[in-house]
Student: 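This is the structure, below, for whatever I ask next.
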Amino acid sequence: MPCLTECCGITAPGSPHGRQSTGILQSAIASVTIVIMPSPLAQASVAFLHRMAAPSMAEYEPRTEQERMIEACADAIEEHAVLLAEAGTGTGKTFAYLIPAMLSGKRAVVSTRTINLQEQLVRKDLAFLGSLIDVPYAIAKGRANYLCLRRLNAFRPETEKDEQEYLHLLRWAEQTKSGDLEDFGFADVTVWDRVCSDADACKGRNCAYCQRCFYYTARRSWENARVIVANHALIAINGLLAPDARILPQTELLIIDEAHSLEKVLSDQIGIALTNRGFDYVLNRLLRHDERGICKGLLSLSPVAFPAVQSVRDRLAGLWSAVREQYRDRQTVRGRVLVEDALSAVQGALRALIEEAPAAAIGLYAEDDEIELKAALAKLSAYADAITAFLDEPEEAVRWTEIETHRTALRMAPLYPHAFMQKNLLPEYETVLFTSATLSVNGDFRFMRELLGIAQASSISLPSPFDLERQVQVEIVEGIDLRTDAMSFKKLADVIAAAAENETGGMLVLFTSRDAMRRVWDISATHLRALGRRVMMQGDEFQNRAMLEIMREHQNAVIFGLDSFWEGVDIRGDALRCLIITKLPFEVPTEPVNQARTEDMERQGKNAFMEYSLPRAVLKFKQGFGRLIRSRTDTGRVIICDERIRTKRYGRLFLESIRRTSLR
C-alpha cells in the first residue's frame, strides 16, 4: 500500500508536535504564538476525503463537523488513545472513522449493533471506499449464521415443512459462496439451528467438508482483511474466550459504532440465562414423541437412557413451578435463592444424563448422530455450570426472574460491564474509538465514561449539520399523563388522529410501554384506517423490517413502535413526516438491573436519578428524536405528549438536547 501522504498527494509536516485540531491557536503568553497543526494522518485523511472520495459522490456536501471528527479519530489512532466521538445525524461519521483507519496502515475491527447495520456498512460504505483505496475488508458474524455442509447432508427431515426447507437449503448450498443465512432469502427457517455451524458439533480438520466449510472460509477472509466488520455480540463473545481461542484476528484498532448500545449487549452476553425454552429445545433434540407417539431424537434408539431424560424433565417442571410460586415477574433474587433445592435437583439430573447417555448410545448410531449427541450434551453441561454460577451469588452481579405466560427464566448479569471492558477489551487494542449520535448529555460525557468504565477517554461532540430550526417544528401537548390518568389514552389517541388528518406523509408513534401502546391502538386503529392510513403495530402482524419497508413504499403509514423503533430507523422524505413521542423515555425504576444500579449509587452517596436515570432518558430521547430528520431536505413535526418536559426542572435537559429546533 502507498504511504498515506503519497496516497492523497500531500506533504506531511515534519513537526513531531502536530496533533489534535486544525487552524491556529494563538496564545498571548510572552508574545509567543503556538501553532497546533493537524497530525499527518489527519491531514492525509481530510485530503483523501476532498480529493478522492468527494469527486466520486454525486451529492457530496462539505461538512466541517465531518472534518473535525476525521481529525479527532486520526489523532486518537496516532496517539493510541481512547476516544468518545458523538456525531449528530448527517455528520458522516462512518467515513470519519473509516478513512483514517484505512489510511493508517493498521488493522481494525469495526463493531456495530446489528447484523443489518453490518451489511449496510460493508455493502455501501466500505464498498465505496474500497473502490478508491486497496484495503481488503470482510464481514464477521457468529458461526450460527453459517451453513454447515456436514450437518446439512446428515440432516433427516421429520415433517413436510422440514422436507421443504431441506430441499431449499440443498439447492442453495450448491449455489452460495458464503453460506450466510442473510443470503438465503427466507427469513423463517425452522430447521436452521440443526444445519448451521456449531462449535460443539464441529469436527474441525477431520471433517470431510473442511476445505469447503463456509464458516472457516469466512474466518480465513477475516485473517486476510485489514478492516473486519463485526457486531457488539461477537465482540463480547470474542473477549470472553481465552487468547488462543479467539474468533477474531488480533488488530490494533477497535471502533465501536452505535456505542450507546454497547453496555446492554455486553451485559446480555456476559450474563446467564436459564430458560424453560432453552432446556426444552436441547431435551427435544435428545428425545421426544411425535404426534403418533413414536420416539424421535438422538437417543430414540437408546431406551436405557429414557429414564435419565425424563428425570431432567421432571426436575425442570418442579423448578419452573417453584419459580412461579416463590417469585413474581422481573423480581430481583437476593441472598439465598428460594428455589435452590429445585435448581440443585436439576443440576444433579443433568450430570447423571450427561454421564449415562454416551454409554447408552455406543454402537447404535452413525458418526454424524454421535457428533450431534455430543453437542447436545455439551450444551446441557454448560447449563449445569450456569446453575453453579447462579447459586454462587457473585459480587457485582444482579440476579432476577422473568415470568411470562409461556416463558420462565432465571437471569444474571454484571452490575456494570466495567471489569469486562478493562480486562477483556481495552488491553487488546492500541486505540479504541466509541462513536454514536448519542453519547453525551448536552456535551457532558461523564455518564457514558462511568457506565463503560473508560474514565481515561477523551471526547468530542459534533452537532448535526442539518438546519433543524428550519426543518423541524416541535409541539408539546399538555394534559396527557399515561402513568396516572386513565383518560390520557383517549387524549393521546385524539392527538394521533388529529395529526393523521392534518399531516401528509408517514407517522411514527413511539411508546415506552407495550400495554399503553396496545390500549391506544385499540382506541385509534379503526379510525386511522378510515382516514386511509396504513396502520401497523410492532409485534402484531409484520416483522419490524417489513413494517419499515411498507412505510417507505406507501408514504401514508402509521407505525406504533416500542424500544427497537427509538433507534436504527432511517426513513427519508415524505415516508416519515411526523414523529410522536408519547412519554419521556424513563426506564422502569424497578427493573432489576436499574434497581441494583440505583441502590449501588445511593450507597455511594450519589443522586441516582440525576446521575443515572435522567441521563439514560435524555440519551434515549435524543435517539428517538433523531428518527425524523435524516437528510438536508427532510422536514416534519415532532409532537411530545409529556408536559414534564416543560413543567419539571429536569425537563430543560431534554429541551436543550433539541435546542436547535423550532419549538412552540
Student: Please examine the side chains of R518 and M537, heavy atoms only from C-beta on, and report whether any two atoms are closer than 4.5 Å.
Tutor: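 SC-SC contact between M537 and R518 confirmed.
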Student: Going through the distances and angles, do R330 and T590 end up as a side-chain hydrogen bond (donor to acceptor under 3.5 Å, both in side chains)?
Tutor: CA-CA 8 Å; R330 308 200 74 79; T590 55; over 6 Å; no
Student: Mind checking salt bridge (charged side-chain N to carboxylate O under 4.0 Å, His left out) for E258 and listing every partner two or more places apart, or none if nothing turns up?
Tutor: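 Listed in chain order: K93.
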Student: May I ask you to decide whether E553 forms a salt bridge with R534, counting only side-chain N to carboxylate O separations under 4.0 Å?
Tutor: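 No salt bridge links E553 with R534.
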Student: Kindly say whether C202 contributes a backbone atom to a donor-acceptor pair with the side chain of R150 at under 3.5 angstrom?
Tutor: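 Such a contact is absent between R150 side chain and C202 backbone.
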Student: Taking salt bridge (charged side-chain N to carboxylate O under 4.0 Å, His left out) as the test, write out the residues that go with E396, two or more places apart.
Tutor: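 E396 satisfies salt bridge (charged side-chain N to carboxylate O under 4.0 Å, His left out) with no other residue.
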Student: Flag yes if more than 12 heavy atoms outside R205 fall under 6.0 Å of its CZ atom; otherwise flag no.
Tutor: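 No - once you tally the heavy atoms of other residues, nucleotides and ligands closer than 6.0 Å, there are 12 at most.
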Student: Side chains of V195 and V189, heavy atoms from C-beta outward: is any pair under 4.5 Å?
Tutor: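 Not touching, per the 4.5 Å side-chain cut-off.
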Student: Strictly by ring-ring contact (aromatic ring centres under 6.0 Å, His included), give each pair with a member in residues 198-225 just once, sequence neighbours left out.
Tutor: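 As it turns out, the ring-ring contact (aromatic ring centres under 6.0 Å, His included) pairs with a partner in residues 198-225, which skip direct neighbours, are Y146-Y215.
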Student: List the atom pairs, donor and acceptor, that lie under 3.5 Å between side-chain atoms in residues 310-318 and the rest of the protein, sequence neighbours left out.
Tutor:
residue: Q310; atom: NE2; partner: D314; partner atom: OD1; Å: 2.9
residue: R313; atom: NH2; partner: L283; partner atom: O; Å: 3.4
residue: R313; atom: NH2; partner: N284; partner atom: OD1; Å: 3.2
residue: R313; atom: NH2; partner: L287; partner atom: O; Å: 2.5

Student: Check each of I115, L121, V122, L117 against E119 using the side-chain contact (heavy atoms from CB on, under 4.5 Å) test, and report the only one that passes.
Tutor: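 One option only clears the test, and that one is I115.
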Student: Look at the side chain of W400 and the backbone N and O of A413, then say whether any donor-acceptor pair between them is shorter than 3.5 Å.
Tutor: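 Flag not set: sc W400 to bb A413 has no pair under 3.5 Å.
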Student: Does any non-hydrogen side-chain atom of V535 lie less than 4.5 Å from one of T526?
Tutor: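 Not touching, per the 4.5 Å side-chain cut-off.
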Student: Answer whether the closest heavy-atom distance between the side chains of P585 and W566 falls below 4.5 Å.
Tutor: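 They are in contact (side-chain heavy atoms under 4.5 Å apart), so the answer is yes.
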Student: Looking only at atom types and distance, does a side-chain atom of H232 sit under 3.5 Å from a main-chain N or O of T112, one as donor and one as acceptor?
Tutor: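 It does hold such a pair.
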Student: Whether the T176 and D183 side chains hold a donor-acceptor pair (N or O, under 3.5 Å, no angle test) is what I'd like checked.
Tutor: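 No, no side-chain donor-acceptor contact under 3.5 Å.
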Student: Between the main-chain N or O of A305 and the side-chain N or O of S302, is there a donor-acceptor pair closer than 3.5 Å?
Tutor: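 No, S302 side chain to A305 backbone: no donor-acceptor pair under 3.5 Å.
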Student: With a 4.5 Å cut-off on side-chain heavy atoms, are P592 and V398 touching?
Tutor: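 V398 vs P592: side chains touch.
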Student: In terms of heavy-atom contacts, does CD of E160 have more than 12 from other residues, nucleotides or ligands at under 6.0 Å?
Tutor: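 12 or below, so no.
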Student: Just wondering, do F565 and M547 contact through their side chains at under 4.5 Å, heavy atoms?
Tutor: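 Yes, close enough: below the 4.5 Å cut-off.
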Student: Is the NZ atom of K203 crowded by more than 12 outside heavy atoms at less than 6.0 Å?
Tutor: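 Atom NZ in K203 is crowded, with more than 12 foreign heavy atoms closer than 6.0 Å.
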Student: Within a strict 4.5 Å, meaning less than it, do heavy atoms of the Q347 and R351 side chains meet?
Tutor: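 They are in side-chain contact.
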Student: Pairs in or reaching into residues 303-354: which pass ring-ring contact (aromatic ring centres under 6.0 Å, His included), with residues at least two apart or in two chains?
Tutor: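 Found none.
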Student: So, D600 and R597, do they make that salt bridge, N to O below 4.0 Å?
Tutor: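 Here D600 does not pair with R597 in a salt bridge, since their nearest N and O are not under 4.0 Å apart.
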Student: Please tell me if the side chains of N231 and T114 come closer than 4.5 Å, counting only heavy atoms from C-beta onward.
Tutor: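 A side-chain contact under 4.5 Å is absent here.
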Student: Surrounding CZ of R336 (heavy atoms of other residues, nucleotides or ligands, distance under 6.0 Å), is the total greater than 12?
Tutor: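 Yes - once you tally the heavy atoms of other residues, nucleotides and ligands closer than 6.0 Å, there are more than 12.
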Student: Whether the side chain of N594 engages the backbone of V588 through a donor-acceptor N/O pair (distance < 3.5 Å, no angle test) should be reported.
Tutor: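 Checking the backbone N and O of V588 against the side chain of N594, a donor-acceptor pair under 3.5 Å is found.
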Student: Using only atom types and a distance under 3.5 Å, with no angle test, would you say the side chain of T251 pairs donor to acceptor with the backbone of L253?
Tutor: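 Yes; at least one donor-acceptor contact below 3.5 Å.
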Student: Taking only residues at least two apart or on different chains, which pairs with a member in residues 249-272 satisfy ring-ring contact (aromatic ring centres under 6.0 Å, His included)?
Tutor: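 For residues 249-272, and leaving out neighbouring residues, there are no ring-ring contact (aromatic ring centres under 6.0 Å, His included) pairs at all.
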Student: Return the minimal non-hydrogen interatomic distance between N224 and P136, and the atom names on each side.
Tutor: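 Heavy atoms of N224 and P136 come nearest at O-CG, 3.6 Å.
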Student: State whether the side chain of E165 and the backbone N or O of T190 hold a donor-acceptor pair below 3.5 Å, judged by distance alone.
Tutor: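 A pair under 3.5 Å: yes.
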Student: With sequence neighbours left out, which residue pairs that include part of residues 267-280 fulfil the side-chain hydrogen bond (donor to acceptor under 3.5 Å, both in side chains) condition?
Tutor: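 As it turns out, the side-chain hydrogen bond (donor to acceptor under 3.5 Å, both in side chains) pairs with a partner in residues 267-280, which skip direct neighbours, are K264-D268.
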Student: Please, which pairs that meet side-chain hydrogen bond (donor to acceptor under 3.5 Å, both in side chains) have at least one residue in residues 415-426, sequence neighbours excluded?
Tutor: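 Counting only pairs at least two positions apart or across chains, no side-chain hydrogen bond (donor to acceptor under 3.5 Å, both in side chains) contact touches residues 415-426.
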Student: Surrounding CZ of R220 (heavy atoms of other residues, nucleotides or ligands, distance under 6.0 Å), is the total greater than 12?
Tutor: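 Yes - once you tally the heavy atoms of other residues, nucleotides and ligands closer than 6.0 Å, there are more than 12.
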Student: Test salt bridge (charged side-chain N to carboxylate O under 4.0 Å, His left out) on R156 and D162 and set out the steps.
Tutor: CA-CA 8 Å; R156 297 295 176 264; D162 286 357; over 6 Å; no
Student: Residues in side-chain contact (heavy atoms from CB on, under 4.5 Å) with Y281, at least two apart?
Tutor: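 Partners of Y281 under the side-chain contact (heavy atoms from CB on, under 4.5 Å) test: D193, R194, R285.
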Student: With a sphere of 6.0 Å drawn around CZ of R246, does it hold more than 12 non-hydrogen atoms of other residues, nucleotides or ligands?
Tutor: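 Correct, the count exceeds 12.
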Student: Residues in side-chain contact (heavy atoms from CB on, under 4.5 Å) with Q595, at least two apart?
Tutor: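 Scan of Q595 (side-chain contact (heavy atoms from CB on, under 4.5 Å), adjacent residues dropped) gives T332, R334, E599.
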Student: So does C213 get a backbone contact from the side chain of T217, meaning a donor-acceptor N/O pair under 3.5 Å?
Tutor: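 Pair found, side chain donor or acceptor close to backbone of C213.
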Student: Can you name the residues that form a salt bridge (charged side-chain N to carboxylate O under 4.0 Å, His left out) with R288, not counting sequence neighbours?
Tutor: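 With sequence neighbours excluded, R288 shows a salt bridge (charged side-chain N to carboxylate O under 4.0 Å, His left out) to E158, given in chain and number order.
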Student: Quick one: does R151's side chain have a donor or acceptor within less than 3.5 Å of a partner on C196's backbone?
Tutor: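 It does hold such a pair.
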Student: Mind checking whether F184 and H168 have parallel, tilted or perpendicular rings, split at 30° and 60°?
Tutor: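 Aromatic pair F184/H168 classed perpendicular.
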Student: Other residues, nucleotides and ligands only: do more than 12 of their heavy atoms fall within 6.0 Å of CD on Q543?
Tutor: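 Counting neighbours around CD of Q543, 12 or fewer heavy atoms of other residues, nucleotides or ligands fall under 6.0 Å, so no.
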Student: Does R552 pair with E549 as a salt bridge, N-O distance under 4.0 Å?
Tutor: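 Salt bridge between R552 and E549, a charged N being under 4.0 Å from a carboxylate O: yes.
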Student: If the condition is salt bridge (charged side-chain N to carboxylate O under 4.0 Å, His left out), which residues does E567 pass it with, not counting sequence neighbours?
Tutor: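 If we apply the salt bridge (charged side-chain N to carboxylate O under 4.0 Å, His left out) test to E567, skipping adjacent residues, the hits are R113.
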Student: Could you tell me the separation between the CD atom of E174 and the CG atom of L149, rounded to the nearest 0.5 Å?
Tutor: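 The CG atom of L149 is 10.5 Å from CD of E174, to the nearest 0.5 Å.
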Student: Ignoring hydrogens and angles, tell me if any N or O in the side chain of S197 forms a donor-acceptor pair with the backbone of N145 under 3.5 Å.
Tutor: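 Between the backbone of N145 and the side chain of S197 there is no qualifying donor-acceptor contact (under 3.5 Å).
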